[in-house]
Amino acid sequence: MILKRAFYDRDTVQVSRELLGKLLVHGDTSGMIVETEAYLGGDDLAAHSAAGITPRTRVIFGPPGHAYVYLSYGMHDCLNIVVDHEGSAGCVLIRALQPVGGLEIMRTRRPKAKSDRDLTSGPGKLTRALAITREHNGIDVTRGSLRIESFQGAGDFQIDVTPRIGISKAIDWPLRFLIRGNRWVSQTRLTPVAR
DNA sequence: GGTAGGATGGGCT
DNA sequence: GCCCATCCTACCC
């Protein structure tokens, strides 16, 4: 079942935790979300929205349940989901997936992957494997080809919390969430600070 | 097992 | 002109 807009129209940390175990679908490929990061509005200087409303960040300030896709380090597209109410600047970076459907398609899109773990164990890897690009910036993920669904296959799991990866500001904030023990979690910065 | 450094382009001051 | 919400390769244990 596709997640409705009300799911996203809530506190950013809460939605970041609850997106774990959900199914990200694009066309014939899909994967279970196993790692997320929360980016807040207000005084979160690591968030793109800290620069205010610009042509790039406009979508983050818009209504929840839409994709924010940006170019990272000049090479990689990264996927966020806009959350919290319109006018606030919360969003959730999708950092890793466990592949569920369309593995063969993913392998052709990431021919250099040395294992199935390599297909989607990072924010730039998973967008490549699922063919998500900046062309999807601003689209509604509560309907259409790119969407997020509940996933019975997730089963029970525990959540670990750590600081966020690859940022230089607010480096100690505990805003990275992952499914404990999952093989597809990106491996840097393992030590959890909470549950 | 681990890490150092290069690729590469857009956003913002 | 500087700063990146990354990935991959080479090289070293």
Side-chain angles (χ1 to χ4, degrees), chain A residues 8 12-13 15-17 19-20 24 29 31 33-62 64 66-84 88-99 106-138 141 146 148 160-179 183-193:
Chain A
Y8 302 102
T12 303
V13 167
V15 179
S16 299
R17 299 177 68 102
L19 277 173
L20 296 174
L24 176 66
T29 54
I33 297 170
V34 300
E35 179 179 346
T36 62
E37 282 178 356
Y39 285 87
L40 313 179
D43 58 352
D44 182 2
L45 295 180
H48 291 173
S49 58
I53 300 178
T54 68
R56 181 176 64 149
T57 63
R58 176 181 52 82
V59 63
I60 306 173
F61 292 87
H66 293 256
Y68 166 54
V69 187
Y70 70 93
L71 180 66
S72 178
Y73 291 97
M75 275 167 289
H76 308 290
D77 290 306
C78 291
L79 170 68
N80 297 251
I81 310 300
V82 176
V83 303
D84 213 329
S88 75
C91 66
V92 182
L93 173 65
I94 308 298
R95 281 197 58 89
L97 302 176
Q98 176 175 338
M106 295 188 200
R107 292 187 192 109
T108 65
R109 290 173 177 160
R110 286 191 39 76
K112 291 176 184 165
K114 292 190 283 291
S115 67
D116 284 350
R117 197 189 92 80
D118 264 349
L119 288 175
T120 51
S121 56
K125 298 177 187 178
L126 72 89
T127 55
R128 176 72 66 169
L130 270 65
I132 297 165
T133 71
R134 280 165 289 161
E135 292 182 7
H136 297 94
N137 188 47
V141 299
L146 178 61
I148 303 178
D160 282 334
V161 184
T162 81
R164 295 174 290 185
I165 305 288
I167 55 171
S168 59
K169 302 185 176 155
I171 59 174
D172 294 330
W173 292 16
L175 294 178
R176 173 173 176 249
F177 308 94
L178 54 97
I179 291 183
R183 286 181 54 213
W184 279 266
V185 166
S186 67
Q187 289 296 296
T188 40
R189 186 111 70 151
L190 275 174
T191 49
V193 297

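Quick note on labels: first sequence line is chain A, next is B, and so on, each numbered from 1.
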Colleague: Closest-nucleotide mapping onto DNA chain C: is A:C91 or A:R110 further toward the 5' terminus? I mean the 5' end.
Modeller: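 It is A:C91, whose closest nucleotide lies nearer the 5' terminus.
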Colleague: Give a yes or no on whether A:R128 atom CZ has more than 12 heavy-atom contacts from other residues, nucleotides or ligands under 6.0 Å away.
Modeller: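 Atom CZ in A:R128 is not crowded, with 12 or fewer foreign heavy atoms closer than 6.0 Å.
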Colleague: NA contact type, A:R128, heavy-atom cut-off 4.0 Å: base, sugar-phosphate, or nothing?
Modeller: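 No contact.
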Colleague: How do A:K112 and A:K169 order along DNA chain C: which one's closest nucleotide is nearer the 5' end?
Modeller: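 Nearest-nucleotide comparison on DNA chain C picks A:K169.
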Colleague: Apply ring pair (Phe, Tyr, Trp, His ring centres under 6.0 Å) to the pair A:Y39 and A:H48, showing each step before the final yes or no.
Modeller: CA-CA 8 Å; A:Y39 285 87; A:H48 291 173; 7.4 Å; no
Colleague: What residues, two or more places apart in sequence or in another chain, satisfy salt bridge (charged side-chain N to carboxylate O under 4.0 Å, His left out) together with A:R107?
Modeller: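 Counting only residues at least two positions away or on another chain, A:R107 forms a salt bridge (charged side-chain N to carboxylate O under 4.0 Å, His left out) with A:D116.
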Colleague: Please enumerate all residues that pass ring-ring contact (aromatic ring centres under 6.0 Å, His included) together with A:H66, with sequence neighbours excluded.
Modeller: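 Here no residue qualifies.
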Colleague: Would you write the dot-bracket representation of DNA chain C, where each base gets (, ), [, ], | or . depending on whether it forms a Watson-Crick or G-U pair under 3.5 Å and with which partner?
Modeller: ||||.|||||||.
Colleague: With sequence neighbours left out, what residues match A:S88 under side chain to side chain donor-acceptor pair (under 3.5 Å)?
Modeller: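 Side chain to side chain donor-acceptor pair (under 3.5 Å) list for A:S88, sorted by chain: empty.
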Colleague: Between residues 113-121 of chain A and DNA chain C, which residues have a heavy-atom gap below 4.0 Å?
Modeller: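 Of all residues in residues 113-121 of chain A, none places a heavy atom under 4.0 Å from DNA chain C.
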Colleague: Side-chain donor-acceptor contacts of residues 73-84 of chain A below 3.5 Å, not counting sequence neighbours, with atom names and distances?
Modeller:
unit_1	atom_1	unit_2	atom_2	d
A:D77	OD1	A:R134	NE	2.9
A:N80	ND2	A:Y68	O	3.4

Colleague: So where does chain A start and stop touching DNA chain C, 5' to 3', when the test is distance under 4.0 Å to a non-hydrogen atom?
Modeller: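 Both ends considered, the range comes out as C:dC4 to C:dT9.
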Colleague: Compare every heavy atom of A:T36 with every heavy atom of A:S16, then report the nearest pair and how far apart it is.
Modeller: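 Closest pair (atom of A:S16, atom of A:T36, distance): O-OG1, 2.9 Å.
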Colleague: Using the test side chain to side chain donor-acceptor pair (under 3.5 Å), find all partners of A:T54 that sit at least two apart in sequence or belong to another chain.
Modeller: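 By the side chain to side chain donor-acceptor pair (under 3.5 Å) rule, A:T54 matches A:T57.
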Colleague: Distance check, rounded to the nearest 0.5 Å: A:D160 atom CG versus A:F177 atom CZ?
Modeller: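 Rounded to the nearest 0.5 Å, the CG-CZ separation comes to 11.0 Å.
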Colleague: For A:E35, check salt bridge (charged side-chain N to carboxylate O under 4.0 Å, His left out) against everything at least two apart and list the hits.
Modeller: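 With neighbours one apart ignored, the set is A:R95, A:R176.
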Colleague: Taking side-chain contact (heavy atoms from CB on, under 4.5 Å) as the test, write out the residues that go with A:S168, two or more places apart.
Modeller: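 For A:S168, no residue satisfies side-chain contact (heavy atoms from CB on, under 4.5 Å) once neighbours in sequence are set aside.
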Colleague: Quick one: NZ on A:K169 to CG on A:D43, what's the gap to the nearest 0.5 Å?
Modeller: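 These two atoms lie 13.0 Å from each other.
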Colleague: How would you summarise protein contacts on nucleotides 3-13 of chain B per nucleotide, using B for base, S for sugar-phosphate only and - for none, with heavy-atom distances below 4.0 Å?
Modeller: ----BBBSSS-
Colleague: Kindly write out the residues that satisfy side chain to side chain donor-acceptor pair (under 3.5 Å) with A:S121, not counting sequence neighbours, or none if the list is empty.
Modeller: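 Per chain and number, A:S121 pairs via side chain to side chain donor-acceptor pair (under 3.5 Å) with A:K125.
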